[in-house]
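Nothing here was measured: the structure is a model prediction, and the numbers come from that model.
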Amino acid sequence: MRDLRPGKNQFVEEIRKMRRKSLFLAVCLSVLAVSVSGQVRAQSFEWKVEADGFFDNGEYENIAPSLSKTMYGFRFSPQVGVAYKDFSLFAGTHLITSFGSPEYLDKAYFTGYFQYRNRHHLFRFGAFPRQELLSDYTNFFIRDTFAYFRPNMTGLFYRLSGKDNFLSFWLDWTGAQSPLTREAFFVGLSGEQRYKWFFAQVVGYYYHYANTKPRSGDGVVHDNGLGQIGLGMDFSRKVRRLYAARLSAHFMLGYECKRDGGVTPSRMPLGLVLDLHVQYWRFGTRTLYYYGQERFTVPTDNYSLTYWGNPLLASKSYLQSKWYVVLFRNDFVNAEAAAVFHLQGNKPGSQYMVRLQVSLDGGIYGKKEGEERGSRYRFNFIGADKQERAMDDFKRKRKKQEQDS
């Protein structure tokens with residue numbers, strides 16, 4: 001007869017927990033042992049550590065008081081992995097805390113992914129940081145809140161890069177269907193083709209926001225998409241210390257649908273986006289201007305999860321002008337302070353931001369070029385621009401040596 005006494009069941013459960021922990025430790029030690037004793041020159045044990053502190057105060061009382069808020073917090077993101085030639089596996093986490101929160105830790109996200117990377121290809125599959133991958137998407141597409149508090153992509157990402165072009169495709173699964181969570185995912189595409197000082201660019205995504213199981217909320221599926229295609233000129237780095245000088249014009253097309261049997265009409269808003277980015281030495285400005293039809297207006301029971309774009313685009317005209325100063329920028333640390341001015345129609349708003357990002361990575365028991373590894377940890381406030389030019393010269397020389405050999 002089965003013994004149902006609580007004491008014995010608790011003892012068995014504790015044994016099972018110890019076995020699971022032992023198995024996990026054994027796997028970790030096995031991976032480390034292979035890295036240390038493999039003696040394969042192309043194999044290495046890799047690690048990455050990133051820290052991101054942010055302060056973002058938005059004041060939109062004249063536009064929409066509900067949007068006014070302060071985001072102030074810290075994210076710590078360690079990763080470890082094993083690399084073999086162009087292939088690698090990484091596992092880690094994002095630990096996020098908001099200052100002033102009663103919780104010791106507000107959110108923890110698992111990071112684990114496979115990566116293939118070489119000169120022309122980058123492929124990732126799993127749960128991986130989105131920050132370094134979607135830099136061509138402005139906050140017209142993905143607003144700042146998600147950049148701070150939803151740091152991972154969960155799906156896949158592929159980028160094909162050439163000398164004067166690139167093309168990216170990605171899938172981001174943001175919601176696994178459950179009684180409390182709607183099924184939701186993104187499919188995105190972006191690319192750029194350059195010719196001398198000119199370039200053509202396309203950026204866009206489609207977002208599917210389905211139902212819970214069983215159904216809840218408004219009980220219907222929402223679909224929306226946002227894309228833009230345009231032309232521009234880029235004079236960045238054509239003059240000493242002119243790190244950015246880029247002007248472009250884009251047509252922006254949207255798609256907003258609520259599948260409620262035709263009760264709510266679908267919309268396809270069209271507009272024009274002008275984008276100007278200039279940075280000389282440590283001072284810069286990035287100004288975006290939208291003029292066209294109102295966006296994100298199809299009703300929903302959860303606005304923030306149905307639309308991931310900037311809610312201030314729900315207007316016929318919107319100006320966003322960011323003025324910033326770079327305090328530090330090199331391979332180790334990136335610090336920036338900015339003031340952002342908003343104008344929705346004739347209604348003004350403001351935003352003040354400070355961000356500090358620290359990034360470390362390296363190889364343990366793996367072969368690294370001494371010059372390359374040493375340069376990663378140079379830290380120079382006044383001479384950061386000289387450091388960047390020195391790194392570019394070093395990479396060009398190494399590339400020429402490889403071609404000659």
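Look at Glu336 and Arg329 and you find a salt bridge, because one of the NZ, NE, NH1 or NH2 atoms lies within 4.0 Å of a carboxylate O, short of that distance. Comment: Asp218 engages Arg182 in a salt bridge, judged by a side-chain N to carboxylate O separation of less than 4.0 angstrom. In summary, Asp164 and Arg194 do not engage in a salt bridge, as defined by a charged side-chain N under 4.0 Å from a carboxylate O. Ion pairing of Lys347 with Glu61 is absent here, as no side-chain N (NZ or NE/NH1/NH2) approaches a carboxylate O to less than 4.0 Å. Ion pairing between a basic and an acidic side chain is recognised when a charged N comes within 4.0 Å of a carboxylate O; Arg267 and Glu256 show such pairing.
Across all their heavy atoms, Thr264 and Val298 have their closest contact at CG2-CG1, 3.9 Å. Closest of all the heavy-atom pairs between Pro129 and Thr111 is CD-CG2, 4.2 Å. Between Ser248 and His250 the shortest heavy-atom distance is OG-NE2, 2.8 Å. For the pair Phe140 and Leu313, the tightest heavy-atom approach, listed with the atom from each and the gap, is O-CD1, 3.8 Å. Nearest heavy atom pair, residue Ala200 against residue Leu231, reads CB-CD2, 3.6 Å. Between Ser178 and Thr212, the shortest heavy-atom contact is O-CB, 3.3 Å.
Between the side chain of Asn224 and the main chain of Thr306, a donor-acceptor pair closer than 3.5 Å is present. Formation of a donor-acceptor pair under 3.5 Å by the Asn302 side chain with backbone atoms of Leu305 is found in this model.
Taking the six-membered ring for Trp and thresholds of 30 and 60 degrees, Tyr205 and Tyr137 have nearly parallel ring planes, at less than 30 degrees apart. Between Trp173 and Phe185, the ring-plane angle classifies as parallel under the 30° and 60° cut-offs.
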Pairs under 3.5 angstrom only: tabulate donor-acceptor contacts from the side chains of residues 87-95 to other protein residues two or more places apart or in another chain.
{"unit_1": "Thr93", "atom_1": "OG1", "unit_2": "Tyr109", "atom_2": "O", "d": "2.9"}
{"unit_1": "His94", "atom_1": "ND1", "unit_2": "Ser77", "atom_2": "OG", "d": "2.6"}
{"unit_1": "His94", "atom_1": "NE2", "unit_2": "Asn152", "atom_2": "OD1", "d": "2.8"}

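Ring to ring, Phe114 and Phe125 are not that close: their centroids are 6.0 angstrom or more apart. Ring centroids of Phe235 and Trp197 are separated by less than 6.0 Å, placing the two rings close together. When ring centroids are compared, Tyr243 and Trp281 stay outside the 6.0 Å threshold. Ring-centre distance between Tyr318 and Tyr290: not below the 6.0 Å cut-off. In summary, the aromatic rings of Trp170 and Tyr158 are positioned with their centroids too far apart to meet the 6.0 Å limit. Ring to ring, Phe123 and Phe169 are not that close: their centroids are 6.0 angstrom or more apart. Residues Tyr303 and Tyr307 place their aromatic rings such that the two centres sit under 6.0 Å apart.
Between the side chains of Ser44 and Glu46, a donor-acceptor pair is found at a separation under 3.5 Å. Asp234 and Ser236 form a side-chain donor-acceptor contact under 3.5 Å, judged by distance and modelled atom types alone. Judged purely by distance below 3.5 Å, without hydrogens or angles, the side chains of Gln351 and Asp56 pair a donor atom with an acceptor atom. Using modelled atom types and a 3.5 Å distance limit, the side chains of Asn62 and Tyr60 yield no donor-acceptor pair.
By the side chain to side chain donor-acceptor pair (under 3.5 Å) test, Ser315 is found to be paired with no residue, residues two or more places apart in sequence or in another chain being considered.
For the pair Arg159 and Phe166, the cation sits on the ring face: its NZ or CZ lies under 6.0 Å from the ring centre, inside 45° of the axis.
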